[in-house]
Novice: 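Sharing a structure, written as structure tokens. Questions coming.
No hydrogens, no waters, no symmetry mates; every other heavy atom, side chains included, goes into these values.
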Amino acid sequence: MSGTAVAGPAPVAGAVAGAAAAASAPAAGRAEALASLRGHTVLVKYGGHAMTDDTLRRAFAQDVLTLRAAGVRPVVVHGGGPQIAAHLDRLGLRSDFLGGLRVTTPETMEVVRMVLSGKVQKDLVGLLNEHGPYAVGLSGEDGHTLTAVKRYAEVAGERVDIGLVGDVARVDTGVVRLLLEGGHIPVVSSVGRGEDGQVYNVNADTAAGALAAALGTRVLAVLTDVPGLYADWPTSERVVDRIGAAELERLLPGLGGGMGPKMEACLRAVRGGVGVARVLDGRAPHALLDALAGAAGTGTTVVPDATASASPGSSASPESAAYLVSSEASVTSAPPLPSTVPVA
């Protein structure tokens, strides 16, 4: 497996050149920041407008290939909200959201499973593999990667049944680690199977946070359709540059819509040993590479409590995101984890 994964360096070099030409971070700073990530795993949650615009899709693929070529070990977890909604519309099936989560009937679950693992994932894997045999797709069902339990939404303080929606109860990283060791890019769809055999629709942000924590990744990056976490929406459009886990936990109950699951995933990740979590505006080409390479003003950064307390004035962003990647004071290295990790 590893022999084929590293074959064909020339196409990847072309992808790196394309990404480097388009990314806005200075070349020297980008190279230095990515060098600090060499050998480390970075998990990216791929979603939002970046999945539906062809220019953004290709820019994202270039960024992932650039990371791999730089010696970083990328893992991609993806959703497929727009594609699922479009398919449900074509079938005349209603699609509702409660607490930022899609109400999932058995009929909806069939569509979710088909679209995520059969359409969205195949398209992304195919895009990455235009440059070589690098990406491998798998569902959260495969190898018991994501074991799920039924999840309820909370609306106005009441618990509401939203159907076949799951939360992650346990993560088995065995298959993902095997692919990483072979030089591959694992691309994981957010579907999980329960102990009872029931298949659940797991929010992709939730899946990403749980898998990042189980793998002990250096970075979790979440692509979305807004600039980051707003400080006082809708009164102000000011984006929170940096926030500690304790402060985020305090704010979490008041976060509405799709931002709630995203920030919950970031909180779960940094509390689970991930060095830093980033929420990025995926509408900007090469947002992922820019953020990891130290471009200023890219999204919201969530740091562990120890990092936040050790840095006076933590509400202000450091001069560059590279600080949060490379500084020993800003990144906690997670110890090696067993293959199967229960999720708190």
Novice: Would you say the side-chain atoms of Thr104 pair up with the backbone N or O of Arg102, donor to acceptor, closer than 3.5 Å?
Specialist: yes
Novice: Run the side-chain contact (heavy atoms from CB on, under 4.5 Å) check on Asp241 and Thr300 step by step: do they pass?
Specialist: CA-CA 5 Å; Asp241 295 321; Thr300 296; over 6 Å; no
Novice: Dump the intermediate steps for side-chain contact (heavy atoms from CB on, under 4.5 Å) on Leu292 and Leu34, then the final yes or no.
Specialist: CA-CA 7 Å; Leu292 295 181; Leu34 294 186; 4.3 Å; yes
Novice: Hey, mind stepping through Asp123 and Gln83 against side-chain contact (heavy atoms from CB on, under 4.5 Å) and telling me if it holds?
Specialist: CA-CA 12 Å; Asp123 287 348; Gln83 295 89 336; over 6 Å; no
Novice: Quick check: closest heavy atoms across Ala213 and Arg268, and the distance to 0.1 Å?
Specialist: CB-O, 4.2 Å
Novice: Working to the nearest 0.5 Å, report the span between CG of Leu91 and CD of Glu110.
Specialist: 10.0 Å
Novice: Let me check something: do Phe97 and Met263 share a hydrophobic cluster, defined by ILVMFWY side-chain heavy atoms less than 4.5 Å apart, either directly or through other members?
Specialist: no
Novice: Is Glu181 salt-bridged to Arg73, cutoff N-O under 4.0 Å?
Specialist: yes
Novice: Is there a continuous path of hydrophobic side-chain contacts, each under 4.5 Å between heavy atoms, that joins Leu67 to Leu127?
Specialist: no
Novice: Give a yes or no on whether Val44 and Tyr134 share a hydrophobic cluster (residues Ile, Leu, Val, Met, Phe, Trp, Tyr; joining criterion: side-chain heavy atoms under 4.5 Å apart).
Specialist: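 Yes; tracing contacts between hydrophobic side chains, which count when under 4.5 Å, links both residues.
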Novice: Between Asp142 and Val175, is any pair of side-chain heavy atoms under 4.5 Å apart?
Specialist: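 Result no, sub-4.5 Å side-chain heavy-atom pair not found.
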Novice: About how many Å separate OG of Ser95 and NE2 of His87, when rounded to the nearest 0.5 Å?
Specialist: 12.5 Å
Novice: Please report the interatomic distance OG(Ser36) to CZ(Arg218), rounded to the nearest 0.5 Å.
Specialist: 6.0 Å
Novice: Applying ring pair (Phe, Tyr, Trp, His ring centres under 6.0 Å), name anything that partners Tyr46, two or more places apart in sequence or on another chain.
Specialist: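 Result, ring pair (Phe, Tyr, Trp, His ring centres under 6.0 Å) vs Tyr46: Phe60.
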Novice: Any donor and acceptor pair, going by atom type alone, linking the side chain of Asp225 with main-chain N or O of His49 inside 3.5 Å?
Specialist: yes
Novice: I need the Leu65 CG to Gln62 CD distance, nearest 0.5 Å.
Specialist: 8.0 Å
Novice: Is Val239 linked to Leu255 within one hydrophobic cluster, defined over Ile, Leu, Val, Met, Phe, Trp and Tyr using a side-chain heavy-atom separation of less than 4.5 Å?
Specialist: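 Same cluster: Val239 reaches Leu255 through Ile, Leu, Val, Met, Phe, Trp or Tyr contacts under 4.5 Å.
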Novice: Check whether Leu93 and Ile162 end up in the same hydrophobic cluster, where Ile, Leu, Val, Met, Phe, Trp and Tyr are linked by side-chain heavy atoms less than 4.5 Å apart.
Specialist: no
Novice: Write down the atom of Leu267, the atom of Ala245, and the distance for their closest heavy-atom approach.
Specialist: CD1-O, 3.4 Å
Novice: Are Gln198 and Lys150 packed together at the side-chain level, in the sense that at least one heavy-atom pair is separated by less than 4.5 angstrom?
Specialist: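 Contact flag for Gln198/Lys150 side chains = no.
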Novice: Between atom CZ of Arg58 and atom NE2 of His286, what is the distance when rounded to the nearest 0.5 Å?
Specialist: 12.0 Å
Novice: Please report the shortest heavy-atom distance between Asp290 and Pro285, naming the atom on each side.
Specialist: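 Where Asp290 meets Pro285 most closely, the heavy atoms are OD2-O, 4.4 Å.
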Novice: Are the side chain of Asn201 and the backbone N or O of Met109 linked by a donor-acceptor pair below 3.5 Å?
Specialist: no
Novice: A quick test of your reading: do over 12 heavy atoms of other residues, nucleotides or ligands sit less than 6.0 Å from NZ of Lys119?
Specialist: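 No.
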Novice: Please determine which of Leu138, Leu179, Leu128, Val136 meets the side-chain contact (heavy atoms from CB on, under 4.5 Å) test together with Val187.
Specialist: Leu128
Novice: Between Val219 and Leu37, is any pair of side-chain heavy atoms under 4.5 Å apart?
Specialist: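 Sidechains of Leu37 and Val219: in contact.
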Novice: Please find the pair of heavy atoms, one from Val270 and one from Val302, that lie closest to each other, and give the distance.
Specialist: CG1-O, 3.6 Å
Novice: When you measure from the side chain of Asp63 to the backbone N and O of Leu289, does any donor-acceptor pair fall under 3.5 Å?
Specialist: yes
Novice: I'd like to know whether NE2 of His144 has more than 12 heavy-atom contacts from other residues, nucleotides or ligands below 6.0 angstrom.
Specialist: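 Open.
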Novice: Flag the pair Thr206 / Arg151 as yes when at least one side-chain heavy-atom distance between them is below 4.5 Å, and no otherwise.
Specialist: yes
Novice: Which salt bridge (charged side-chain N to carboxylate O under 4.0 Å, His left out) pairs, counting each pair once, include a residue from residues 201-214, with sequence neighbours left out?
Specialist: Lys45-Asp205, Asp205-Lys262
Novice: Name the one of Glu141, Lys122, Arg113, Gln121 that satisfies side-chain contact (heavy atoms from CB on, under 4.5 Å) with Ser189?
Specialist: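 Among the candidates, only Gln121 passes.
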Novice: For a side-chain contact (heavy atoms from CB on, under 4.5 Å) check, start with the C-alpha distance between Val279 and Leu229, then their side-chain angles and the critical distance, and finish with the verdict.
Specialist: CA-CA 8 Å; Val279 176; Leu229 176 65; over 6 Å; no
Novice: Please round to the nearest 0.5 Å and tell me the distance separating atom CG of Leu101 and atom CG of Asn203.
Specialist: 5.5 Å
Novice: Looking at every non-hydrogen atom in both residues, tell me the closest pair between Leu288 and Leu280 and how far apart they are.
Specialist: CA-CD1, 4.1 Å
Novice: Check whether any side-chain heavy atom of Thr147 lies under 4.5 Å from a side-chain heavy atom of Asp172, and answer yes or no.
Specialist: no
Novice: Compare every heavy atom of Asp305 with every heavy atom of Gly244, then report the nearest pair and how far apart it is.
Specialist: C-OD1, 4.3 Å
Novice: Do Asp53 and Arg283 meet the salt-bridge criterion of a basic N to acidic O distance under 4.0 Å?
Specialist: no
Novice: Check whether Thr105 reaches the backbone of Thr108 with its side chain - one donor and one acceptor, N or O, closer than 3.5 Å.
Specialist: yes
Novice: Do side-chain atoms of Ser190 reach the backbone of Val202 as a donor and acceptor pair under 3.5 angstrom?
Specialist: yes
